[in-house]
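All ligand and atom numbering here is 1-based and tracks the order in the structure.
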Amino acid sequence: MTKSLFPIVVLIGGNGSNLQALIDNAADYQIKGVISHNPNVFGLVRAQNAGISAEVIDHRAYPSREAFEEALLVTLKTYAPKLLVLAGFMRILSPYFLDRCPIPILNIHPSLLPKYKGLDTHQRVIDNKEKEHGVSVHFVTKELDGGPIVAQVKVPVYINDTVELLSKRVFAAEHWLYPQIVRWFAQNRLKYSPHRVTLDGSPLGPQGETLQQSFEQGTVS
Ligand code: GRF
């Protein structure tokens, strides 16, 4: 008898390169479904190519955020996931959704949180002449980009960096990091309750784990 893998659902909204990394490096978890809030995005093609059920819940088709989120909750239930993984999902999940979603939610954000919450992180990092930038994986709470951080990876910022160069380096770190964290959760090494996040039984610090790997140049698919 084959062991059933830990079921997850991935929410996307665009290119889906993180989804691709999660597909290519899947171990211990299984992506049961992919849901996009945007139709016609490449992430949906990536899911279909991998034989994963993919659907669109277009936020523009709903009269309110609540109605959109209700549709999301109903669809999610059909996949019975134990973890929800946000990967480029560009809608803020409101307290309505968060109060009703029965499973933990992970997100990946392109900055060293708590610095640079929100959008356009690469441009802001360059404008501020930062020497380092990076990526954070965190649990989602009602505080935007403010839930407990699980892990971060730092990347260097060079003097002549452009958004394009820097984002390639950050994407390479994202693709390396995210599948590992999802795997930790599937393996029950990473545990979440609203006031306590532990890895291998020890509480995580405010910055989570710092994992390091060299992302000097970076490659993106
Ligand atoms: C990534 O930069 C991720 O950190 C952010 O949205 C982007 C999604 O990119 N949350 P992709 O769709 O996975 O290529």
- Would you kindly say whether Thr198 and Tyr192 are connected by a side-chain donor-acceptor distance under 3.5 Å?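 No, no side-chain donor-acceptor pair sits under 3.5 Å.
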- Message: We want to know whether Ser111 and His133 form a side-chain donor-acceptor pair, criterion being a heavy-atom distance below 3.5 angstrom.
- Response: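 The answer is no; no qualifying pair exists.
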- Task: Examine Val9 and Leu98 and state if one hydrophobic cluster contains both, with Ile, Leu, Val, Met, Phe, Trp and Tyr joined whenever side-chain heavy atoms are less than 4.5 Å apart.
- Result: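 In one cluster: yes.
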- Could you name each residue pair satisfying salt bridge (Lys or Arg N to Asp or Glu O under 4.0 Å) that touches residues 171-185, not counting sequence neighbours?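 Found Asp28-Arg183.
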- side-chain contact (heavy atoms from CB on, under 4.5 Å) partners of Ile103, counting only residues at least two apart: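 In terms of side-chain contact (heavy atoms from CB on, under 4.5 Å), with neighbours along the sequence ignored, Ile103 is linked to Pro81, Leu84, Cys101.
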For ligand 1, which of its N or O atoms have a protein N or O partner closer than 3.5 Å, and how long is each gap?
{"from": "ligand 1", "atom 1": "2 (O)", "to": "Glu174", "atom 2": "OE1", "distance (Å)": "3.4"}
{"from": "ligand 1", "atom 1": "2 (O)", "to": "Glu174", "atom 2": "OE2", "distance (Å)": "3.0"}
{"from": "ligand 1", "atom 1": "4 (O)", "to": "Ile108", "atom 2": "O", "distance (Å)": "3.3"}
{"from": "ligand 1", "atom 1": "4 (O)", "to": "Glu174", "atom 2": "OE1", "distance (Å)": "3.0"}
{"from": "ligand 1", "atom 1": "4 (O)", "to": "Glu174", "atom 2": "OE2", "distance (Å)": "3.1"}
{"from": "ligand 1", "atom 1": "10 (N)", "to": "Ile108", "atom 2": "O", "distance (Å)": "2.9"}
{"from": "ligand 1", "atom 1": "12 (O)", "to": "Gly16", "atom 2": "N", "distance (Å)": "2.8"}
{"from": "ligand 1", "atom 1": "13 (O)", "to": "Ser17", "atom 2": "N", "distance (Å)": "3.3"}
{"from": "ligand 1", "atom 1": "13 (O)", "to": "Asn18", "atom 2": "N", "distance (Å)": "2.9"}
{"from": "ligand 1", "atom 1": "13 (O)", "to": "Asn18", "atom 2": "ND2", "distance (Å)": "3.0"}
{"from": "ligand 1", "atom 1": "14 (O)", "to": "Ser17", "atom 2": "N", "distance (Å)": "2.9"}
{"from": "ligand 1", "atom 1": "14 (O)", "to": "Ser17", "atom 2": "OG", "distance (Å)": "2.6"}

- Query: Partners of Tyr116 by ring-ring contact (aromatic ring centres under 6.0 Å, His included), sequence neighbours excluded?
  - Reply: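 Applying ring-ring contact (aromatic ring centres under 6.0 Å, His included) to Tyr116 gives none.
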